[in-house]
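This report concerns only the one structure given below.
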Amino acid sequence: MAGEMAQKFDAELALLYVIRDTQIPDGVQKMADVELFHETRLTAMQMVGKQIVDECETQVRSLGADKVKSEVRPGDPAGVILHYADEADIDLIVMGSRGLGNLEGMLMGSVSRKVTNLSKVACLTIK
Ligand SMILES: Nc1ncnc2c1ncn2[C@@H]1O[C@H](COP(=O)(O)OP(=O)(O)OP(=O)(O)O)[C@@H](O)[C@H]1O
Ligand SMILES: [Mg+2]
């Protein structure tokens, strides 16, 4: 949807994937040498995230959007999305209403809900 809009309005499109922060509790850090796993996970997720945004970029370019840039950043997804929107001067945030898991019940995921509630700019959630 974002790709279609970018193409129609000749707009710039920024694709962002956030690697969810998994903080290891202090107590666990003292019990086991988990730092290495944390680093390894982050490195692996950087590669996965890059593939995800590259795939998205291919898809939106095939729709005709041509001013496209991609980012992979670690952190709390909603917080990073909001911060990036500010930093990159984004004027419309496009998200799915839910993630790709198959959870049922809630109408909107916690990320899309938090971003929509706290964003200073317009948000579009796609069903
Ligand atoms: N890590 C992420 N990086 C970039 N965008 C994300 C990320 N997580 C969620 N989003 C955006 O938020 C939308 C809704 O996902 P969200 O995570 O809120 O729902 P969920 O996964 O179904 O529920 P929850 O995460 O609360 O269990 C996604 O379609 C996507 O646009
Ligand atoms: Mg989610």
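It should be emphasised that the depicted structure is a prediction, and the values quoted were computed from it without experimental measurement. Order of appearance sets the numbers: ligands from 1, and atoms from 1 within every ligand.
Distance alone, capped at 3.5 Å, places no donor-acceptor pair between the R61 side chain and the G3 backbone.
Atoms of ligand 1 found under 4.0 Å from any heavy atom of L16, numbered from 1 in the order shown, are 4 (C). Of all atoms in ligand 1, numbered sequentially from 1 with element shown, those under 4.0 Å from a heavy atom of I81 are 5 (N). Close approach to R20 involves these atoms of ligand 1, each under 4.0 Å from a residue heavy atom: 25 (O).
In P77, the part holding a heavy atom less than 4.0 Å from any atom of ligand 1 is the side chain.
For atom 26 (O) of ligand 1, the nearest non-hydrogen atom from the set S97, S110, G96 comes from S110. Distances from atom 22 (O) of ligand 1 to the heavy atoms of G109, G75, G99 put G99 nearest. Nearest-heavy-atom check against atom 12 (O) of ligand 1 across V18, I52, V111, D76 picks out V111. For atom 29 (O) of ligand 1, the nearest non-hydrogen atom from the set R98, M45, R73, M95 belongs to R98.
Side chains of M5 and L124 form a contact here, defined as non-hydrogen atoms less than 4.5 Å apart. With contacts defined as side-chain heavy-atom distances shorter than 4.5 Å, the pair L82/S119 qualifies. Side-chain atoms of Y17 and M45, non-hydrogen and from C-beta on, do get closer than 4.5 Å to each other. Proximity of D86 to K120: side-chain heavy atoms (C-beta onward) are separated by under 4.5 Å at one or more points.
Residue pairs meeting the side chain to side chain donor-acceptor pair (under 3.5 Å) criterion with at least one member in residues 108-117, sequence neighbours excluded, are D76-K114.
Within the 4.0 Å heavy-atom cutoff, V115 does not count among the residues contacting ligand 1.
Between E87 and R73 there is a salt bridge, since a side-chain N of the basic residue sits under 4.0 Å from a carboxylate O of the acidic one.
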